[in-house]
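It should be emphasised that the depicted structure is a prediction, and the values quoted were computed from it without experimental measurement.
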Number of protein chains: 2
Amino acid sequence: MTLKELADRLGLSPTTVSRALNGYPEVNAETRARIEIAARDYGYRANTMARKLATGRSMAIGHVIPLSNHQMINPIFAEFMAGASEIYSSEGYETLLAAVPAANEVQTYRELARRRSVDGLIVHAPRLNDPRVDLLRELELPFVVHGRSVDIEDRPVFLDTNNRRSFEQATTYLIELGHTRFALLNGMETISFARRRRRGFEQALQNNGLRSDASRMVDMEMTETNAYDVTMKWLNEPKPPTAILTSSTISALGVARAIRDAGLQIGDDVSLITHDDDLSFMRNVGDPPPFTALQSPIRDAGAKCARMLIDHIAGKKVSSEIWKCEFIEGRSTGPAPKETPA
Amino acid sequence: MTLKELADRLGLSPTTVSRALNGYPEVNAETRARIEIAARDYGYRANTMARKLATGRSMAIGHVIPLSNHQMINPIFAEFMAGASEIYSSEGYETLLAAVPAANEVQTYRELARRRSVDGLIVHAPRLNDPRVDLLRELELPFVVHGRSVDIEDRPVFLDTNNRRSFEQATTYLIELGHTRFALLNGMETISFARRRRRGFEQALQNNGLRSDASRMVDMEMTETNAYDVTMKWLNEPKPPTAILTSSTISALGVARAIRDAGLQIGDDVSLITHDDDLSFMRNVGDPPPFTALQSPIRDAGAKCARMLIDHIAGKKVSSEIWKCEFIEGRSTGPAPKETPA
DNA sequence: CTGAAAGCGCTAACAT
DNA sequence: ATGTTAGCGCTTTCAG
């Protein structure tokens with residue numbers, strides 16, 4: 001069923017039918033009703049390609065995800081996509097996913113622009129001075145950043161969580177429990193959120209007259225193994241940390257394993273707080289949650305970014321937003337242990 | 001830069017240029033070379049929408065993913081998508097992702113078909129008598145199933161792992177270690193792979209003169225909490241199982257926690273084998289792997305399905321494939337413990 | 001308020 | 001081997 005066929009059956013011109021179906025105002029209410037009913041009855045759907053060609057809009061939003069051979073797709077990313085994609089669908093947009101080898105990332109953006117395959121993009125996990133921002137501006141593709149590009153002067157539209165504040169809050173919480181020896185197990189500080197987390201951590205220590213120890217702040221790829229190794233090393237040092245903050249639940253698992261393997265009790269001997277995007281584990285991994293955590297609802301974030309982008313594309317003014325994490329007390333924190341004279 | 005513009009600059013007709021660029025044979029080699037160079041120089045890319053409209057092919061593959069509010073997207077799914085999407089890109093296809101509330105799933109397929117948004121689809125996690133198979137046949141959309149629909153007489157093209165054999169193998173391995181009291185913690189048996197896993201489990205027991213105990217075979221949603229609860233219950237029964245097989249790493253985590261909480265040692269008191277799709281955890285969660293596992297490379301599976309579908313769309317004969325899992329010895333298995341006279 | 005006509009940029013019969 | 005001519009199905013001026 002094409003527009004023309006539908007128009008013929010109604011004894012109208014394709015123009016009028018098109019206008020009615022697209023909600024243009026200049027159509028007689030009665031005619032419009034007739035058209036809408038007929039369209040429904042015949043199960044008419046506009047052919048997307050034809051519409052795209054005619055309007056020049058692709059009605060698709062792109063997500064480019066750089067692929068590494070050694071690393072899994074972040075499950076967080078999948079949740080974000082789910083939230084976003086649901087909004088796209090409901091707004092008539094399609095979701096275009098481009099998983100490409102990391103080396104082809106720039107090229108992929110260029111292709112998408114040249115072929116006009118998408119009307120806009122979401123930029124994930126912005127790095128410091130992220131080149132994608134300039135690239136997309138050059139290509140004149142609307143985009144929204146999930147995360148913050150603090151270092152870029154003319155800041156693009158973004159949605160981020162308040163990482164600095166969250167880590168400051170969590171650290172303060174531990175300080176109030178009496179802890180004085182801290183460690184921070186952070187994600188790679190090339191990703192901008194990691195830096196902000198460290199700032200919050202250090203700020204809290206400083207506010208309470210504690211010194212941050214550079215050897216007890218590590219940034220690294222967040223795998224369970226890495227976390228395990230670093231924690232083990234720390235726990236074997238003299239005056240080991242009694243409170244550890246970590247940047248993801250996967251690394252928290254490694255920390256937890258190390259604590260147990262060292263013959264210590266989580267919560268009693270060593271307290272542990274993790275940041276968690278909503279999260280893969282927290283939700284499925286036990287109730288009450290095994291970890292005290294800073295949670296941020298990632299699916300909601302996906303949906304929000306989607307809405308921001310759609311508005312952005314429509315030319316509306318969109319302002320960036322900063323969401324705060326929820327602080328959840330779990331089983332992994334407790335008062336600082338009494339000092340045992342070694 | 002449009003085809004017409006390019007043709008004008010070359011003093012040729014759009015037709016010839018189109019033919020040259022699309023690799024049709026009837027073009028003079030010299031002319032073709034000239035055209036290709038010019039296209040490169042001007043950075044010409046065919047407008048996808050125009051091409052799609054003209055050919056009637058959307059050059060996109062769809063993945064419909066039903067969304068539940070309470071459940072995370074399976075990280076496995078993300079890996080599968082990564083593998084598939086990479087192939088699509090390299091073959092000139094785009095990846096269309098439709099995350100929709102589970103209730104809208106059928107409607108979404110119908111929409112995709114009516115609007116001709118995709119040339120084909122991958123069907124994930126087939127259920128028994130999965131209605132999507134009939135639906136897609138009715139809609140005349142080519143598709144490939146990831147998993148098996150054993151119960152459908154005219155079986156569609158699929159890629160699956162040999163779940164029955166794998167579980168039989170794993171169970172046999174444990175039997176050879178001297179275990180006699182088994183438990184199986186399976187995924188929902190409405191999904192077809194779960195049934196096949198149970199068959200393998202039962203088969204191995206039967207082959208070795210052991211009886212399977214219905215109360216020690218559970219199928220359920222694979223969450224850590226569920227697994228924890230069931231395992232706890234088992235361990236508190238008289239003659240608890242000394243060997244547990246589980247259908248996913250997330251549930252293995254729950255089993256592991258329960259074993260520890262019961263004051264037992266994994267591998268020593270209770271052996272544990274998990275099936276794992278390559279896998280979200282195994283790869284990141286420790287080296288050597290904490291669990292003995294049956295692994296199947298999910299990203300490769302995504303890539304393979306993508307290739308099968310593309311061939312299928314092109315009208316080539318495609319045959320279904322069954323891949324076998326890799327058996328990986330980890331730290332979670334050991335000889336059956338000596339019977340302690342209670 | 002409705003319709004005629006001209007594209008959008010490409011492909012594909014059908015000539016030549 | 002190349003060009004001419006019609007579309008693909010829709011939107012969008014422009015006229016009425």
Side-chain angles (χ1 to χ4, degrees), chain A residues 1-36 38-39 42-60 92-94 111-119 314, chain B residues 1-36 38-39 42-60 92-94 111-119 314:
Chain A
M1 170 69 66
T2 70
L3 184 67
K4 187 164 179 309
E5 281 166 26
L6 182 60
D8 286 350
R9 307 216 186 183
L10 284 160
L12 289 166
S13 76
T15 317
T16 305
V17 178
S18 167
R19 278 196 279 242
L21 261 22
N22 289 313
Y24 282 68
E26 67 267 40
V27 182
N28 186 337
E30 197 183 307
T31 315
R32 161 172 285 133
R34 218 161 51 97
I35 293 174
E36 278 169 353
Y42 291 118
Y44 168 79
R45 297 280 117 160
N47 176 314
T48 16
M49 305 164 208
R51 189 207 292 266
K52 287 172 183 180
L53 180 57
T55 58
R57 312 202 313 154
S58 68
M59 290 308 284
Y93 281 87
E94 286 169 349
E111 287 282 286
L112 289 175
R114 262 207 291 250
R115 308 157 66 163
R116 314 224 131 274
S117 294
V118 298
D119 292 337
Chain B
M1 169 69 66
T2 70
L3 184 67
K4 186 163 179 311
E5 281 165 26
L6 182 60
D8 286 349
R9 305 216 187 182
L10 285 159
L12 291 164
S13 78
T15 316
T16 305
V17 178
S18 168
R19 278 197 279 243
L21 261 23
N22 288 312
Y24 282 68
E26 68 265 40
V27 182
N28 185 336
E30 196 186 307
T31 315
R32 161 171 284 133
R34 219 163 48 101
I35 293 175
E36 278 168 354
Y42 292 119
Y44 167 79
R45 296 281 116 161
N47 178 314
T48 19
M49 304 165 208
R51 187 207 294 264
K52 288 171 183 179
L53 180 56
T55 57
R57 313 199 315 155
S58 68
M59 292 307 283
Y93 280 87
E94 286 169 349
E111 288 281 285
L112 289 175
R114 263 205 292 250
R115 308 156 66 162
R116 315 223 130 273
S117 294
V118 299
D119 292 337

In whole Å, I'd like the distance from the CZ atom of A:R116 to the P atom of C:dG9.
10 Å
Please give, in whole Å, the distance from D:dC8 C1' to A:M1 CE?
17 Å
With salt bridge (charged side-chain N to carboxylate O under 4.0 Å, His left out) as the criterion, how do A:R116 and A:E111 come out once you've worked through the C-alpha distance, each side chain's angles and the decisive distance to 0.1 Å?
CA-CA 8 Å; A:R116 314 224 131 274; A:E111 287 282 286; over 6 Å; no
Go through A:N47 and A:T2 one step at a time and tell me if the side-chain contact (heavy atoms from CB on, under 4.5 Å) criterion holds.
CA-CA 8 Å; A:N47 176 314; A:T2 70; over 6 Å; no
B:D8 CG - D:dT4 C1' separation (whole Å)
15 Å
Side chain of A:L53 only, heavy atoms from C-beta on: which candidate in C:dC10, D:dG9, D:dT2 is closest?
D:dG9
Indicate the atoms forming the closest heavy-atom contact of A:M1 with A:L6, along with that distance.
SD-N, 3.7 Å
Inspect the contact between B:E26 and B:R32 and indicate whether a charged nitrogen and a carboxylate oxygen are less than 4.0 angstrom apart.
no
Anything under 3.5 Å between a protein N or O and an N or O of nucleotides 11-13 of chain D, put it in a table, one pair a line.
from	atom 1	to	atom 2	distance (Å)
D:dT11	OP1	A:N22	ND2	3.0
D:dT11	OP1	A:R51	NH1	3.1
D:dT11	OP2	A:S18	OG	2.6
D:dT11	OP2	A:N22	ND2	3.4
D:dT12	OP2	A:Y24	OH	2.7
D:dT12	O4	A:T15	OG1	3.3

Rounded to the nearest angstrom, tell me the gap between atom CD in B:E30 and atom C1' in D:dT2.
14 Å
Do you know which two heavy atoms are closest between A:P14 and A:K4, and how far apart they sit?
CG-CA, 4.4 Å
OP1 or OP2 of D:dT2 sitting under 4.0 Å from any side-chain N/O of B:S13?
no
First encountered from the 5' end of DNA chain D, between B:V27 and A:M49:
B:V27
Interatomic distance where CG belongs to A:L10 and P belongs to C:dG3 [whole Å]:
10 Å
Rounded interatomic separation in angstrom, taking CZ from A:R45 and C1' from D:dC10
16 Å
B:K4 NZ to D:dT4 C1': how many Å, rounded?
13 Å
Tightest non-hydrogen contact, residues B:E94 and B:K52, listed as OE1-NZ, 3.5 Å
Side-chain N,O (B:T31) to OP1/OP2 (D:dT2) below 4.0 Å
yes
Between P on D:dC10 and NZ on B:K52, what's the gap in Å once rounded to a whole number?
16 Å
Taking A:V27's backbone N and O only, do any of them form a donor-acceptor pair with A:T31's side chain (distance below 3.5 Å, no angle check)?
no
